[in-house]
Student: 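Below: one structure in structure tokens.
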Amino acid sequence: MEASTEPLTPLQSAPLIDPFGRAISYVRVSVTDRCDFRCVYCMSEHMAFLPRRDLLTLEELDRLIAAFVARGTKKLRITGGEPLVRHDVMRLFESLSRHLETGALEELTLTTNGSQLSRFARRLFDCGVRRVNVSLDTLNPELFRQITRTGSHELVMAGLEAAQAAGLKVKINVVALKGVNENEFITLVEFAHSRGFDITFIEVMPLGELDGPERIDQYLPMQIVREKLSAKFTLQDSDHRTAGPARYVRASETGGRIGFITPLTHNFCESCNRVRVTCTGKLYMCLGQEDAADLREPLRASRDDRALHAALTEAIGRKPKGHDFVIDRAAQVPAVMRHMSMTGG
Ligand code: SAM
Ligand code: SF4
């Protein structure tokens, strides 16, 4: 899978910098909207998935990513849906590893539900992946089934072991769900830190319409998560930062790191260096806003990447300063209508 070899003009290869001076160095790409789970906060039970022709092909994804890398992307996160259920996705990882070899890309990571890690952990490592984020909201197999509807806890546990055995650094992502997993936060931290994993708690975001429980009823502010953890751990502020929006503390008792993501507040917009691309090639300049640029059309228009680069320049010129998430009991619709599985976490 080769990207276009057309030489770029200086303008086409200029780093992507938005109107607020933020260099776009971190891109998340969703490679599929499909998933083997149906997490209650993410998908409805009977999701209608996109027709395959709407999805970018692996070749198109590869070209698109190469264009971002040429324009200054240093960190790339592959996500979904569940990225590892995309047919032949390892072919994409194998191809992307060339950007790590040249040093243009500093990090290639993925966010996964872990169900396929037993199969793919070793190959991911061989492609240069060194860290994976694995979603795990509970250690209770019964509750795991209720939250994911179709997921197997056992498979994810095996996946975590495989990841570790392959040499991948693991971060556990926990969506904090009021009345669902809130009594497990301490146990989850103990579990993660005992295995040398980082762990991050995430507030539920108002993305997409669901047929399950109301988002407002699931919402648990990070402050409460922190308070619950403080009952057991001494939380020391840490200046550790990743390319993502999490703020970190260290638990003195375990020595391990705990992250908190509070997307509903504006505390990370100023330093936002990120954009997201959906599996259909829509570029979202901000997770919390509807504005998007279509990259599929310029990708399909020709093998030449000029139109694609022009679309990138134009889109980044529209990256907004911040977002407006609101979980509001009075509002009957979510603040942003698309599902997380469209834009990727
Ligand atoms: N399937 C993979 C997974 O679950 O890790 C990758 C995609 S998933 C959409 C990425 C992350 O988004 C997961 O950590 C998931 O828990 C989180 N997520 C999904 N819907 C969410 C929501 N409404 N609010 C907050 N986080 C959400
Ligand atoms: Fe699938 Fe991830 Fe969404 Fe759960 S959170 S339904 S695993 S895409």
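Just so you know, ligand 1 is whichever comes first in the structure, and atom 1 is the first atom listed for that ligand. Start at 1 with the first residue, then count along the sequence.
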Student: Check if Gly81 has a non-hydrogen atom at a distance under 4.0 Å from any atom of ligand 1.
Tutor: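 Checking ligand 1 against Gly81, which is what was asked, there is a heavy-atom contact under 4.0 Å.
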Student: Tell me whether Glu227 contacts the main-chain N or O of Ile224 through its side chain, where contact means a donor paired with an acceptor under 3.5 Å.
Tutor: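 Not a single qualifying donor-acceptor pair exists.
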Student: Mark yes or no for whether Arg318, through its side chain, and Pro19, through its backbone, hold a donor-acceptor pair below 3.5 Å.
Tutor: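 Here the side-chain-to-backbone pair does not exist.
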Student: Here's a test for you: under side chain to side chain donor-acceptor pair (under 3.5 Å), which of Arg276, Arg274, Arg77 qualifies with Tyr26?
Tutor: Arg77
Student: Does an N or O anywhere in Glu82 fall below 3.5 Å from an N or O of ligand 1?
Tutor: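 So ligand 1 has an N or O lying under 3.5 Å from an N or O of Glu82.
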Student: If the test is side chain to side chain contact (heavy atoms under 4.5 Å, CB included), which one of Asn173, Val174, Leu160 qualifies with Leu136?
Tutor: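 Answer to the side chain to side chain contact (heavy atoms under 4.5 Å, CB included) test with Leu136 among Asn173, Val174, Leu160: Leu160.
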Student: In terms of atom number and element, which parts of ligand 1 are under 4.0 angstrom from non-hydrogen atoms of Val204?
Tutor: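 So the atoms of ligand 1 that pass are 24 (N), 25 (C).
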Student: Any non-hydrogen atom of Ser135 lying under 4.0 Å from ligand 2?
Tutor: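 It does not, in that no heavy atom of Ser135 comes within the 4.0 Å cut-off of ligand 2.
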Student: Short list, please: which atoms of ligand 1 are under 4.0 Å from a heavy atom of Glu203?
Tutor: 24 (N), 25 (C)
Student: Under a 4.0 angstrom heavy-atom cut-off, which atoms of ligand 1 come close to Thr112?
Tutor: 2 (C), 3 (C), 5 (O)
Student: Mind checking whether atom 3 (Fe) of ligand 2 has an N, O or S of Cys39 under 2.8 Å?
Tutor: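 Checking Cys39: none of its N, O or S atoms is under 2.8 Å.
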Student: Check each atom of ligand 1 against the heavy atoms of Val175 and keep those under 4.0 Å away; list them by number with element.
Tutor: 16 (O), 26 (N)
Student: Output the list of atoms in ligand 1 that are nearer than 4.0 Å to some heavy atom of Asn173, sorted by atom number.
Tutor: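 Answer for ligand 1: 14 (O).
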Student: With atoms numbered from 1 as shown, which atoms in ligand 2 lie under 4.0 angstrom from a non-hydrogen atom of Gly81?
Tutor: 8 (S)
Student: Pull out every atom of ligand 1 sitting under 4.0 Å from any heavy atom of Asn113, numbered as shown with elements.
Tutor: 2 (C), 3 (C), 5 (O)
Student: Quick check on Lys232: does its NZ atom have over 12 non-hydrogen neighbours (other residues, nucleotides or ligands) under 6.0 Å away?
Tutor: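 Counting other residues, nucleotides and ligands, NZ of Lys232 stays at 12 neighbours or fewer.
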Student: Between Asp88 (side chain only) and Arg91 (backbone N and O only), is there a donor and an acceptor less than 3.5 Å apart?
Tutor: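 No.
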Student: Kindly confirm or rule out an N or O of Tyr41 lying under 3.5 angstrom from an N or O of ligand 1.
Tutor: yes
Student: Between Arg296 and Asp54 (side chain of the first, backbone of the second, donor and acceptor by atom type, cut-off under 3.5 Å), is there such a pair?
Tutor: yes
Student: So is there a nitrogen or oxygen of Ser135 less than 3.5 Å from a nitrogen or oxygen in ligand 1?
Tutor: yes
Student: Ignoring hydrogens, what is the shortest heavy-atom contact between Gly80 and Pro83? Give both atom names and the distance.
Tutor: N-CD, 3.8 Å
Student: Please indicate whether any nitrogen or oxygen in Thr79 is less than 3.5 Å from any nitrogen or oxygen in ligand 1.
Tutor: no
Student: Between Ala121 and Ala162, which heavy-atom pair has the shortest distance, and what is it?
Tutor: CB-O, 3.6 Å
